[in-house]
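Accompanying notes for the structure given below.
FYI, side chains are in, hydrogens and waters are out, and symmetry mates aren't considered; it's all heavy atoms of this structure. Lettering follows sequence order; numbering is per chain, from 1.
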Amino acid sequence: MSELAELKNRAAVIGVGNTAYGNFPDVDEYGLAAQAFRSAVADCGIDKNQIDGLVVCRIPYYGRMGEVLGLDPRWTLTLPPHGRMSGIGIIEAATALATGHAKYVALLYANIGRSRRVNYGGDESPGVWDPFGFTSPGGAHAMAFQRHMQMFGTTTRQLAEVSVAIRHNAGLNPDAVMRKPITIEDHENARFITAPLRLLDYCLINDGAVCLILTTPERAKDFKKPPVLISGFGGQESFTRSSIPNFDMDFWYPAVKAAGDQAYAMAGVSPKDVDALMAYDNFSPTVLFSLEGLGFCKQGESGGFVEGGALKVGGRLPVNTDGGHLSNSYMQGWALNVEAVRQLRGECGARQVPDCEVVQYVQATPCTRSIIYTRG
Amino acid sequence: MSETYNKPLPKIDPVNRGFWENAKAGRLSVQTCKSCGDKHYPASPVCPKCLSSDQEWGVVSGNGTLESWVDFHRAYWDGFKENLPYRVCLVRLAEGPIMVSNLVGNSDNAKMGAAVRVVFDKVTENVTLPKFEMA
């Protein structure tokens, strides 16, 4: 195998599961991940001892995770506790399945940041610019959005459309953490954290865990629910200015375009075929950057694109139908991939996108990835 | 100064020491590769362009343009509480490298591409921070 495109439809998601999302001080990562794993096993009906591949993210020790779940896999991958790892993990698992490293891969992610009061800035994440008080992913995204405002005339009222639409979608999801509708005025009146970004531009921080179980399309037929195919993926890193974390001078536009182009070419689809987009929304500007990089609009035109509730379920491009990181749960991309699967299965109730056949995931981050899922 | 200064200080090491020695003397510098001439910041143990270890700290003009900025309304360190909100800037130096710092003085007319120039803030006996003001 020599061409990336040959990996089209070589892996399928057969099971998904998640915990409740909230504040759980009495349980650790292993306990949360085990709950999500049990839920995903029940979702597909697999004998858990068939699982011979394990991916863990934000879980301290892979070995202990295997011990807790009673698994001795043939293939294991550990990912650091960074938000940008979900796309990497799923693509690596798909590749491992296609190349025979494993037959059934379970991917596990857990986060206890709410109950343990993680700040995502300051001495928790030391950096070279600390003496100037420049810290936190939010600060970096604020600096990027200020630049976008300056270059393209994007406004904070347009940015508000992202948070308002995604909160609307969360209201349709009974499991979302924040469901109370908000308006553009609510956004504009929220307190600044790192101006131009306000509280409602920031994602949640909550505890929880997510699990996905993947196998090959041939084996996928043996399980309870119709498989969801991984039809395309692509990636592009942006490492050469990593001392300014979570920031890119070009809004990750070249990276998102490269990753998107790879994914579209592999899957044989284009943005107009995408029924719903799951866009990593650690901060609201990332959604704008994702729309531009993927070609849903031209660079600089995302502010106009999102106006009028375009990203709501029922809008012209439903985005983060579960409520995303901004309003559903801060599962660092993992829950967005689960939502993609549920949309393609038609399991989403009030937030279901009608006739949903193609769902795209994208993370506009220093490790940009995009994945295109289709109905099996 | 050093008795009361309670903001984070740079972690000075053999690779970045030249930058901070220059700053203490009122000079802004960037790491400059003696093999290929590439100028970059922050400090790197080898030149990211040609991988040479033969590098020096080349003094620059201290002039630059504003690429972006952000106003922090939250203090991630207690030492910044008294300064809220404070302005962080992203500056492209006339010599090429980009640098994060603070924009001090009146910057109500901040806009992308505006000219800025370095000023030096001696915060402790041993540390001087290069900051920027509107030119």
Kindly confirm or rule out a cation-pi arrangement of A/Arg198 over A/Tyr202, judged by NZ or CZ under 6.0 Å from the six-membered ring centre and within 45° of its axis?
no
What part of A/Arg191 lies closer than 4.5 angstrom to a heavy atom of chain B: side chain, backbone, both or neither?
neither
Below 4.5 Å from any heavy atom of chain A, which atoms of B/Trp77 appear? Answer side chain, backbone, both or neither.
side chain
Which of A/Thr135, A/Val128, A/Leu197 touches chain B most, by non-hydrogen pairs under 4.5 Å:
A/Thr135
If one checks every heavy atom of A/Met149 against chain B at 4.5 Å, the contacting part turns out to be neither
What part of B/Phe72 is in contact with chain A, defined as an atom under 4.5 angstrom from a non-hydrogen atom: side chain, backbone, both or neither?
both
For chain A, which of B/Asp121, B/Ile98, B/Leu9 has the most heavy-atom pairs under 4.5 Å?
B/Ile98
Which heavy atom in B/Asp38 sits nearest to a heavy atom in B/Lys49, and how many Å separate them?
OD1-CD, 3.7 Å
When heavy-atom pairs shorter than 4.5 Å are enumerated against chain B, which of A/Ser136, A/Gly133, A/Ala142, A/Ala144 gives the highest number?
A/Gly133
B/Pro10 versus chain A, the contacting section by heavy-atom distance below 4.5 Å:
both
Verdict with reasoning, A/Trp252 to A/His141, per ring pair (Phe, Tyr, Trp, His ring centres under 6.0 Å):
CA-CA 11 Å; A/Trp252 295 289; A/His141 284 80; 5.8 Å; yes
Evaluate ring pair (Phe, Tyr, Trp, His ring centres under 6.0 Å) for B/Tyr76 paired with A/Tyr120, printing each intermediate quantity in order.
CA-CA 9 Å; B/Tyr76 287 85; A/Tyr120 294 91; 10.0 Å; no
Bottom line for B/Pro97: the part with an atom under 4.5 Å from chain A's heavy atoms is neither
For residues A/Ile244 and A/Phe134, report the shortest heavy-atom separation together with the two atoms involved.
CG2-CE2, 3.8 Å
Do we get B/Lys7 above B/Phe80's six-membered ring, with its NZ or CZ under 6.0 Å from the centre and within 45° of the axis?
yes
Engaged part of A/Phe247 at the chain B interface, taking heavy atoms whose separation is under 4.5 Å
side chain
Using a 4.5 Å cut-off on heavy atoms from C-beta on, say whether the side chain of A/Asn320 contacts that of A/Leu336.
yes
